[in-house]
Amino acid sequence: MHILITGGAGFIGSHVVRHFVNSYPGYRITNIDKLTYAGNLENLRDLEQCANYHFVKGDITDGDAMVELFVSEKFDGVIHLAAESHVDRSIANPTEFVMTNVLGTVNLLNAARAAWKEGFNGKLFYHVSTDEVYGALGSEGMFTETTSYDPHSPYSASKASSDHFVRAYNDTYGLPVVISNCSNNYGPFQFPEKLIPLFINNIRNNKPLPVYGKGENVRDWLWVVDHAHAIDVIYHNGRQGETYNIGGRNEWRNIDLIRLLCCIMDRKLGRPEGESEKLITWVTDRAGHDFRYAIDSSKIQRELGWAPSLQFEEGLEKTVDWYLESQEWLDNVTSGEYKSYYRKMYGE
Ligand code: NAD
Ligand code: TYD
């Protein structure tokens with residue numbers, strides 16, 4: 001079994017690669033990644049010597065290169081995670097999201113068709129998507145697999161478009177596909193532009209914590225390793241052509257999560273209680289800010305027996321510990337491009 005994982009040097013991708021390389025020593029795992037600002041081979045250093053792991057630096061927007069790679073490597077399956085993934089960056093530069101998330105996905109679908117033209121038996125194209133394609137909820141209800149798509153940000157619009165292409169290739173060409181739509185992930189190796197690692201880094205450095213709007217937006221948070229396990233069960237046991245929603249059943253208002261994080265950080269850093277909360281700064285709301293996401297993951301629980309493993313408080317402690325122990329990693333990823341991104345987004 002030879003599986004291509006795209007975007008494996010990113011946050012979730014690195015956990016998925018690690019999970020597959022360690023759990024399936026008989027599989028060959030190839031990771032293709034462009035190594036953008038969000039992709040970092042440090043995230044996979046522990047796997048460098050593994051005989052069943054192989055890295056290819058490549059760009060999924062290069063259609064010819066993707067066909068060449070697929071034809072020469074003869075993959076049995078693809079787990080596609082490579083994407084531009086940050087909503088704020090998509091507001092600043094939507095075109096890049098169209099290129100990677102839409103065109104990149106179509107290139108991979110074309111490459112799979114070209115390489116698998118003798119027949120699709122035993123093949124699978126697994127597309128990793130987000131709950132953000134469903135739009136925003138009010139204070140009630142949850143997204144199910146049949147909720148209509150209603151994306152609001154350029155990021156979610158590009159992911160929705162890529163999901164549609166994946167389904168279209170299933171309907172039109174019979175390409176065997178499966179899609180999962182997951183809620184917000186957290187854990188080690190997340191780039192410090194997303195809420196949790198950004199705020200951990202800022203608290204540590206005594207920098208303001210920029211809370212958008214009133215901090216009342218709600219997200220459903222999932223431990224990233226649980227997402228990697230869900231991808232494993234869907235890859236092996238999911239029904240072709242189906243969609244599975246993955247979520248933590250773990251909704252938090254941003255401000256409540258931020259206060260909990262401040263409290264954990266005070267304790268870990270030996271600061272007086274309440275010290276880190278003083279860094280909270282209210283800033284202008286994100287344009288088109290989705291109010292609430294909540295995932296009904298009963299289908300994957302019922303059909304495939306998957307459930308989240310970790311309580312959020314425990315996961316957040318583990319996450320904080322990892323970032324505090326990984327100062328070198330943080331220093332590396334926050335040098336260079338990060339500084340100009342940060343200045344542009346938040347000022348000094
Ligand atoms: P990330 O930004 O941390 O990583 C993305 C990876 O893709 C990086 O390693 C980057 O170098 C690579 N990449 C970007 N453009 C590329 C290109 N043109 N060619 C090859 N590689 C390229 O993202 P993440 O948070 O790990 O998200 C991974 C996937 O999961 C994405 O598809 C995202 O939409 C989806 N997802 C993320 C979350 C979340 O909470 N982070 C939740 C649900 C779904
Ligand atoms: P984020 O981690 O960017 O994930 P997403 O927007 O994909 O859900 O943001 C999570 C929530 O935190 C979202 O409601 C926006 C909010 N947020 C802030 O209040 N301040 C920030 O600096 C960031 C990055 C996010």
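Counting starts at 1 for both ligands and their atoms, in listed order. All values derive from a computational prediction rather than experimental measurement.
Among protein heavy atoms, the minimum distance from atom 4 (O) of ligand 2 is reached at Asn184 ND2, 3.3 Å. For atom 18 (N) of ligand 1, the closest heavy atom belonging to the protein is Asp59 OD1, 2.9 Å. Of all protein heavy atoms, the one closest to atom 3 (O) of ligand 1 is Phe11 N, 3.0 Å. Scanning the protein for heavy atoms near atom 32 (O) of ligand 1, the closest one is Lys159 NZ, 2.6 Å. Closest to atom 14 (O) of ligand 2, if we only count protein heavy atoms, is His289 NE2, 2.7 Å. For atom 42 (C) of ligand 1, the closest heavy atom belonging to the protein is Ser183 O, 3.3 Å. Of the protein's heavy atoms, Tyr346 OH, 2.7 Å lies nearest to atom 22 (O) of ligand 2. Ranking protein heavy atoms by distance to atom 8 (O) of ligand 2, first place goes to Arg219 NE, 2.7 Å. Here the protein heavy atom with the shortest distance to atom 38 (C) of ligand 1 is Ile12 CD1, 3.5 Å. Given atom 29 (C) of ligand 1, the protein heavy atom at minimum distance is Leu81 O, 3.2 Å. Among all non-hydrogen protein atoms, the one lying nearest atom 1 (P) of ligand 1 is Ser85 OG, 3.5 Å. In this structure, the protein non-hydrogen atom closest to atom 11 (O) of ligand 1 is Asp33 OD1, 2.5 Å. When only non-hydrogen protein atoms are considered, atom 21 (C) of ligand 2 lies nearest to Tyr212 CZ, 3.3 Å.
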**Prompt:** When you look at Phe11 and His86, which way does the ring-ring contact (aromatic ring centres under 6.0 Å, His included) test go after all the steps?
**Reply:** CA-CA 12 Å; Phe11 166 48; His86 189 40; over 10 Å; no
**Request:** Determine, stepwise, if the pair Leu330 / Arg204 fulfils side chain to side chain contact (heavy atoms under 4.5 Å, CB included).
**Result:** CA-CA 11 Å; Leu330 260 178; Arg204 175 162 181 139; 5.6 Å; no
**Prompt:** Leu269 and Leu324: side chain to side chain contact (heavy atoms under 4.5 Å, CB included), yes or no, with the steps?
**Reply:** CA-CA 9 Å; Leu269 296 172; Leu324 293 180; 4.2 Å; yes
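When each atom of ligand 1 is checked for a heavy atom of Ser129 under 4.0 Å away, the hits are 43 (C), 44 (C). Within ligand 1, the atoms closer than 4.0 Å to a non-hydrogen atom of Asn184 are 40 (O), numbered from 1 in the order shown. Under a 4.0 Å criterion applied to the non-hydrogen atoms of Thr130, ligand 1 contributes the atoms 43 (C), 44 (C). Within the listing of ligand 1, atoms 9 (O) sit less than 4.0 angstrom from a heavy atom of Ala9. Atoms of ligand 1 found under 4.0 Å from any heavy atom of Gly39, numbered from 1 in the order shown, are 8 (C), 9 (O), 11 (O). Each of the atoms 6 (O), 7 (O) of ligand 2 lies under 4.0 Å from some heavy atom of Val87. In summary, the atoms of ligand 1 found under 4.0 Å from a heavy atom of Thr100, numbered by their order in the structure, are 15 (N), 16 (C), 18 (N).
Within the 4.0 Å heavy-atom criterion, neither part of Tyr155 lies near ligand 2. Heavy atoms of Asp290 found under 4.0 angstrom from ligand 2: none, in either backbone or side chain. Residue contacts with ligand 2, taken as heavy atom pairs separated by less than 4.0 Å, involve Arg286 solely via side-chain atoms from C-beta onward. Neither the backbone nor the side chain of Ile196 has a heavy atom within less than 4.0 Å of ligand 2. Contacts between Tyr155 and ligand 1 below 4.0 angstrom, taking non-hydrogen atoms only, involve the side chain exclusively. At a 4.0 Å heavy-atom cut-off, ligand 1 touches Leu35 through the backbone alone. With a heavy-atom cut-off of 4.0 Å, Asn254 touches ligand 2 through its side chain alone.
Residues Asn43 and Trp329 share a closest heavy-atom pair of OD1-NE1, 2.8 Å. Taking every heavy atom of both residues into account, Thr61 and Met99 meet most closely at CG2-O, 3.5 Å. In terms of heavy atoms, Trp282 sits closest to Ile255 at CH2-CD1, 3.6 Å.
Asn22 pairs by the side chain to side chain contact (heavy atoms under 4.5 Å, CB included) definition with Arg18, Leu47, not counting sequence neighbours.
Looking at Cys182 next to ligand 1, no N or O pair under 3.5 Å apart turns up. Backbone and side-chain nitrogen or oxygen atoms of Ile60 are examined, and one is located within less than 3.5 angstrom of a nitrogen or oxygen of ligand 1. The distance criterion of under 3.5 Å between nitrogen or oxygen atoms is not met by Asn217 with respect to ligand 2. At a 3.5 angstrom cut-off on N or O pairs, Glu193 does not count as close to ligand 2. The distance criterion of under 3.5 Å between nitrogen or oxygen atoms is not met by Tyr293 with respect to ligand 2. Considering backbone and side-chain atoms together, Pro210 places an N or O closer than 3.5 Å to an N or O of ligand 2. The distance criterion of under 3.5 Å between nitrogen or oxygen atoms is met by Asn185 with respect to ligand 1. At least one N/O-N/O distance between Leu195 and ligand 2 falls below 3.5 Å. In terms of polar-atom proximity, Lys34 is counted as a contact of ligand 1, with an N or O under 3.5 Å from an N or O of the ligand. Residue Thr36 places at least one N or O, backbone or side chain, under 3.5 Å from an N or O of ligand 1.
Under a 4.0 Å heavy-atom criterion, Glu132 is in contact with ligand 2. Put simply, no part of Gly104 is less than 4.0 Å from ligand 1, judged by heavy atoms.
We find that Glu251 and Arg219 are not joined by a salt bridge, their nearest charged nitrogen and carboxylate oxygen being 4.0 Å or further apart. Salt-bridge check for Lys57 with Asp33: failed, with every basic side-chain N at 4.0 Å or more from each acidic carboxylate O. Remark: Arg267 engages Glu317 in a salt bridge, criterion side-chain N to carboxylate O under 4.0 Å. A salt bridge between Asp321 and Lys318 is absent, with no side-chain N of the basic residue lying under 4.0 Å from a carboxylate O of the acidic one. With salt bridges taken as basic N to acidic carboxylate O contacts below 4.0 Å, none links Glu132 and Lys159. Ion pairing between a basic and an acidic side chain is recognised when a charged N comes within 4.0 Å of a carboxylate O; Glu242 and Lys299 show such pairing. Remark: Asp88 engages Arg286 in a salt bridge, criterion side-chain N to carboxylate O under 4.0 Å.
Between Val283 and Tyr346, the closest side-chain pair of non-hydrogen atoms is not below 4.5 Å. Looking at heavy atoms from C-beta onward, Ile200 lies in side-chain contact with Met265 at the 4.5 angstrom threshold.
Dense packing is recorded around CD of Glu313, with more than 12 heavy atoms of other residues, nucleotides or ligands lying under 6.0 Å away.
Ring centers of His15 and His227: at least 6.0 Å apart, outside the cut-off. For Tyr37 and Tyr341, the ring centers sit 6.0 Å or farther from each other. For His127 and Phe165, the gap between ring centers reaches or exceeds 6.0 Å.
Residues Glu303 and Tyr244 bring a donor and an acceptor atom of their side chains to less than 3.5 Å of each other.
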